[in-house]
*Asks:* 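Sharing a structure below in structure tokens format, with a few things to ask.
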2 protein chains.
Amino acid sequence: MKKHAAIGEAARITGVKAPTIRYYEQIGLLPPPPRTDANRRHYSTNDLRRLSFIRHARELGFEVEAIRTLLTLQDAPDQPCKEADAIARARLAEVEHRIARLTALKVELSHMIACDGHGGIRQCRVIESLADESHDHGRLD
Amino acid sequence: MKKHAAIGEAARITGVKAPTIRYYEQIGLLPPPPRTDANRRHYSTNDLRRLSFIRHARELGFEVEAIRTLLTLQDAPDQPCKEADAIARARLAEVEHRIARLTALKVELSHMIACDGHGGIRQCRVIESLADESHDHGRLD
DNA sequence: GCTTGCTCCTCTAGCGACTAGAGGATGTAG
DNA sequence: CTACATCCTCTAGTCGCTAGAGGAGCAAGC
């Protein structure tokens, strides 16, 4: 990984698009980097790590506010464990909830794919299984 | 399930909020229902099933356009279900990918919680694991 | 030096899929 | 007959980007 990168290179390295990087700066997720004489952003290795972190967390479905919390932890590594622990536990609960929900959805999707292509949509279980009233009506979020 | 329902009752039955039901009508996902003398929407059992279908599909992560396709297939039941099946398969792949990712994160979060009481967050691997370059950089969407 | 073409800058506007609120009409219970 | 819930339409806001306009700067070839 290089020591300094312009925004385009940072985008290439981290997989976060340049406009999104600027957006993250705007909303305060990424600190404003130093600029060159020509007013161009210059990212350090640390910035790139932070960006990679944000990207992976976003891919996992964490909201920006949750990521902000995790980054705050990262920025203050000597914080008392009590607080860190509480935040981690909250995130873990969220992750477990997501896994449970996704696992249920996976089962449903697997059943839906049992359609074998004989005789058209009437025998296709994709639609049937989604319209099925026997599915729970409880809140999931 | 009752034969006719006002929008509030439809919301209660299907779990889709009233403004969202109107929104679905607006974007053409739900056909405009008949109105009473006082201009109030009146939903049939069939509308409620369609709404339940939409809700389930949204919860499964289907985009509105994908749902529109599924509903079109449903409305023309003699079409082959290859398309619907393909959509479901794509969803299943994504769901499995997310489960795998979240499971990995869950392990790291568990470790983080397990490390409490010994010198703070520095020993925790959550942030490290999310910033880890060894994670793939390929497109996910 | 000069031109070509890429990258970068800021700014505003748009997207999907809702959600919230204003302001007003109607339906129902005591 | 008066509350109060429910409904109506409408506009505007939310989140997390994404696209485009319009302009400046840099590196490389001639």
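Chain naming here is simple, since letters A, B, ... match the order of the sequence lines and numbering starts at 1 in each.
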*Asks:* Measure CD/Q26(A) against P/dT12(C) and give the value in whole Å, please.
*Replies:* 11 Å

*Asks:* From H56(B) NE2 over to T14(B) OG1, what is the distance, rounded to the nearest 0.5 angstrom?
*Replies:* 11.0 Å

*Asks:* Do NZ/NE/NH1/NH2 and the carboxylate oxygens of R41(A) and E25(A) come within less than 4.0 Å?
*Replies:* yes

*Asks:* Does K106(B) form a side chain to side chain contact (heavy atoms under 4.5 Å, CB included) with E96(A)? I'd like the steps, not just the answer.
*Replies:* CA-CA 7 Å; K106(B) 179 188 163 182; E96(A) 280 176 339; 3.3 Å; yes

*Asks:* Can you list the residues that meet the side-chain hydrogen bond (donor to acceptor under 3.5 Å, both in side chains) rule with R50(B), with sequence neighbours excluded?
*Replies:* D75(B)

*Asks:* Could you tell me whether R22(A) contacts a base, only the sugar-phosphate backbone, or nothing, with contacts defined as non-hydrogen atoms closer than 4.0 Å?
*Replies:* base

*Asks:* So which heavy atom on A11(A) is nearest to which on A18(A), and how close?
*Replies:* CB-N, 3.8 Å

*Asks:* Could you run down nucleotides 24-30 of chain C 5' to 3' and tag each one B, S or - for protein heavy-atom contact under 4.0 Å?
*Replies:* -BBS---

*Asks:* Roughly how far, to the nearest 0.5 Å, is CG of L48(A) from CZ of R12(A)?
*Replies:* 12.0 Å

*Asks:* Side chain to side chain contact (heavy atoms under 4.5 Å, CB included) between V16(B) and I54(B): does it pass, once the steps are laid out?
*Replies:* CA-CA 9 Å; V16(B) 181; I54(B) 294 168; over 6 Å; no

*Asks:* Scan A6(A) against the nucleic acid and name what it touches under 4.0 Å (heavy atoms): base, sugar-phosphate only, or nothing.
*Replies:* sugar-phosphate

*Asks:* Could you walk me through whether Y24(A) and R55(A) satisfy the side chain to side chain contact (heavy atoms under 4.5 Å, CB included) test, starting with their C-alpha distance in whole Å, then the side-chain angles of each, then the deciding distance to 0.1 Å, before giving a yes or no?
*Replies:* CA-CA 11 Å; Y24(A) 287 158; R55(A) 185 191 158 210; over 6 Å; no

*Asks:* Checking R68(B) now: which residues fulfil side-chain hydrogen bond (donor to acceptor under 3.5 Å, both in side chains) with it, not counting sequence neighbours?
*Replies:* E65(B)

*Asks:* Main chain of F53(A), side chain of R49(A): is a donor-acceptor contact present, judged purely on distance under 3.5 Å?
*Replies:* no

*Asks:* Heavy-atom distance under 4.5 Å between the side chains of D47(A) and L51(A), does that happen here?
*Replies:* no

*Asks:* Rounding to an integer number of Å, can you tell me how far Y43(A) OH sits from dT7(C) P?
*Replies:* 16 Å

*Asks:* How bent is the helix from dG1(C)-dC30(D) to dG30(C)-dC1(D), measuring the angle between the end axes built from five pairs each, rounded to 10°?
*Replies:* 10°

*Asks:* Report each atom pair, protein N/O against N/O of nucleotides 13-17 of chain C, whose distance is under 3.5 angstrom.
*Replies:*
from: dA17(C); atom 1: OP1; to: V64(B); atom 2: N; distance (Å): 3.2
from: dA17(C); atom 1: O3'; to: R58(B); atom 2: NH2; distance (Å): 3.4

*Asks:* Which nucleotide span of DNA chain D, 5' end to 3' end, has atoms closer than 4.0 Å to non-hydrogen atoms of chain B?
*Replies:* dT6(D) to dT9(D)

*Asks:* A side-chain contact here means heavy atoms from C-beta on lying under 4.5 Å apart; do P33(A) and I7(A) qualify?
*Replies:* no

*Asks:* First locate atom CD1 of I21(B), then atom OH of Y43(B), and finally report the distance between them rounded to the nearest 0.5 Å.
*Replies:* 5.5 Å

